[in-house]
K.L.:
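Can you keep this structure in mind? I'll have questions shortly.
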There are 2 protein chains.
Amino acid sequence: MGSNFSVAEENYIKAVYHLQKPGAIVTTNELAAELQTKAASVTDMLKKLKQKKVLNYEPYRGFNLTTEGRKAALGIVRKHRLWEYFLVEKLQFGWDEVHEVAEELEHITSKKLIDKLDAFLDFPRFDPHGDPIPDVNGKMQVQHDISLNDLPVNTPAEVSSVKDQSSELLDLLKHKNISIGSRLQVTRKFGFDQSIELRIKDIAAPVNISLQLAQVLYVKPL
Amino acid sequence: MGSNFSVAEENYIKAVYHLQKPGAIVTTNELAAELQTKAASVTDMLKKLKQKKVLNYEPYRGFNLTTEGRKAALGIVRKHRLWEYFLVEKLQFGWDEVHEVAEELEHITSKKLIDKLDAFLDFPRFDPHGDPIPDVNGKMQVQHDISLNDLPVNTPAEVSSVKDQSSELLDLLKHKNISIGSRLQVTRKFGFDQSIELRIKDIAAPVNISLQLAQVLYVKPL
DNA sequence: AAATAAATTTAGACAAATCTAAAAAATAAT
DNA sequence: ATTATTTTTTAGATTTGTCTAAATTTATTT
Ligand SMILES: [Mn+2]
Ligand SMILES: [Mn+2]
Ligand SMILES: [Mn+2]
Ligand SMILES: [Mn+2]
């Protein structure tokens, strides 16, 4: 009954969770790429995880998580994101630095630890990148955010998440005075380079956003 | 140059550090007992750690840490005790619950994490059991505390550490209103069972301490 | 429908960390 | 000084997770 997975198994479970889209199936090569390992290694692990009833898997047919597997994945994601929140909010890390550390912290086994950490942090619902944090039952807020690219002109919206965690992106956003929670509105869209001009609430000067930037900036229309 | 040890190696290094007394040597069986493993496994690891220049080791002759090894050990002890402090002071764990969790957390590799945690905790110098926390350079306060058994009658002293981390001990200490930092003074010693009567500062009623309790309660004469 | 290419699995090997049982060395006892 | 006991090391296996190279299956072209 008690889930008892190794670090390697947990990393596989989480990776499948992140790759899998509703209805669809994950492939061996996709998973190998995600985990920076070889397809043969993935196949070995798939057999083990199938045995442990974490995966639905038929050779050559692809795979996805069972209900058990998704539960396990949500537990790992919960830990990962709570630790990221802790690192940024309490230890003053930048959000470009926390992923690697959380990649290790997410494997600490104590359930009591993570629930007490959750309480200490006052039950945050989103991590520093705007991704939702599963609660103690695995429930999390559904994100209906869209790429800034898809936000219509003159629609007030709030920056809700970033799909890239590089320090280069953080650097650019800082320079443009944009962070998660910023209110903004697209004022113009330029067909030539698909760049965007927008106005940020309480800031006079208009801001220019490249296609590349708009692609990774997600917003929630208000 | 950067130390790069596996979890197993780190556990061995720390165990040798804890077993080793100045000048003396540690034996294979002692280490096997400490780590709850077999002597054969210890020998295997000793050879590896000697190769990595962590240990001075000659077959059949015992071993102890090199300067490099002690430096590594202090780094692990620092992490272990800082995490214990965090768990008790920030997450409201009891000091009987933290050791196991810290046993995992001490292996998280980020140096930045531990230094930021140190700052967040305001650079504590002692962990919840009264053991000194090495600073960023491995320096720590020397403890000149003695067993309550060895405290002379009528000598004011302060409880400084406990040599046992069981919940049974914590339970007993709570019941007797004793915690780390308590001021006390031995009023009588009884030869029959080597029990001790003492008075705690600001508490009227005298308290009786068994031999077993006095052995694990350490105090610093004021 | 073959032939070719791509994806996946299998076979066999390896490193890390552990174990049991046997051999060897060091200590202690006669 | 032998003999017996204890401690330590070696030999050989095992588990976990990984890899390369070869075989197999599936998908895509011709
Ligand atoms: Mn991880
Ligand atoms: Mn995140
Ligand atoms: Mn440990
Ligand atoms: Mn401690």
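Throughout, protein chains are lettered first and strands after them, A, B, ... in sequence-line order, and every chain is numbered starting at 1.
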K.L.:
Mark yes or no for whether A:Gln20, through its side chain, and A:Leu65, through its backbone, hold a donor-acceptor pair below 3.5 Å.
P.N.:
yes
K.L.:
Without decimals, in angstroms, what is the distance between B:Tyr57 OH and D:dT7 P?
P.N.:
16 Å
K.L.:
From CD of A:Glu9 over to P of D:dT15, roughly how many Å is that when rounded to an integer?
P.N.:
15 Å
K.L.:
Can you check whether B:Asn29 has a side-chain N or O nearer than 4.0 Å to OP1 or OP2 of D:dT8?
P.N.:
yes
K.L.:
Looking only at the side chain of B:Ala40 (C-beta and beyond, no hydrogens), which of the listed nucleotides C:dT18, D:dT8, C:dA21 gets closest?
P.N.:
C:dA21
K.L.:
Compare the minimum distances between each of D:dT8, C:dA7, C:dT10 and the side chain of A:Lys47, then state the nucleotide with the smallest one.
P.N.:
C:dT10
K.L.:
Measure the distance from CG on A:Leu31 to C1' on C:dT8 and round it to the nearest whole Å.
P.N.:
13 Å
K.L.:
If you compare every side-chain N and O of B:Arg61 against the phosphate oxygens of C:dA26 (OP1, OP2), does one of them come in below 4.0 Å?
P.N.:
yes
K.L.:
For A:Thr28, which contact category applies under a 4.0 Å heavy-atom criterion: base, sugar-phosphate, or nothing?
P.N.:
sugar-phosphate
K.L.:
What's the CE-P distance between B:Met45 and D:dT10, to the nearest Å?
P.N.:
16 Å
K.L.:
Would you mind telling me which residue lines up with the more 5' stretch of DNA chain D, B:Ala39 or A:Thr37, judged by nearest nucleotide?
P.N.:
B:Ala39
K.L.:
Send over the distance from B:Lys38 NZ to D:dT10 C1', rounded to a whole Å.
P.N.:
17 Å
K.L.:
Give a yes or no on whether the ring-centroid distance for A:His129 and A:His99 is below 6.0 angstrom.
P.N.:
no
K.L.:
When you measure from the centre of the six-membered ring of A:Phe120, is the NZ or CZ of A:Lys90 under 6.0 Å away and within 45° of the axis?
P.N.:
yes
K.L.:
Look at B:Ser41 and C:dT18 and indicate whether a side-chain polar atom (N or O) is within less than 4.0 Å of OP1 or OP2.
P.N.:
no
K.L.:
Measure centre to centre between the rings of A:Tyr17 and A:Tyr12, then say whether the value is under 6.0 Å.
P.N.:
no
K.L.:
Please state how far atom CD in A:Gln51 lies from atom P in D:dT16, giving the value in whole angstrom units.
P.N.:
11 Å
K.L.:
Answer yes or no for A:Lys116 and B:Phe93: cation-pi contact, defined as NZ/CZ to six-membered ring centre under 6.0 Å and angle to ring axis within 45°.
P.N.:
yes
K.L.:
Given C:dT8, C:dC19, D:dT18, identify the nucleotide with an atom nearest to the side chain of A:Tyr60.
P.N.:
C:dT8
K.L.:
Nearest whole angstrom, please: distance from the C1' of D:dT18 to the CG of A:Leu35.
P.N.:
13 Å
K.L.:
To the nearest angstrom, how far is B:Asp44 atom CG from D:dA13 atom P?
P.N.:
15 Å
K.L.:
When the nearest nucleotide of DNA chain D is assigned to A:Pro59 and to A:Ala8 on a heavy-atom basis, which residue is associated with the more 5' position?
P.N.:
A:Ala8
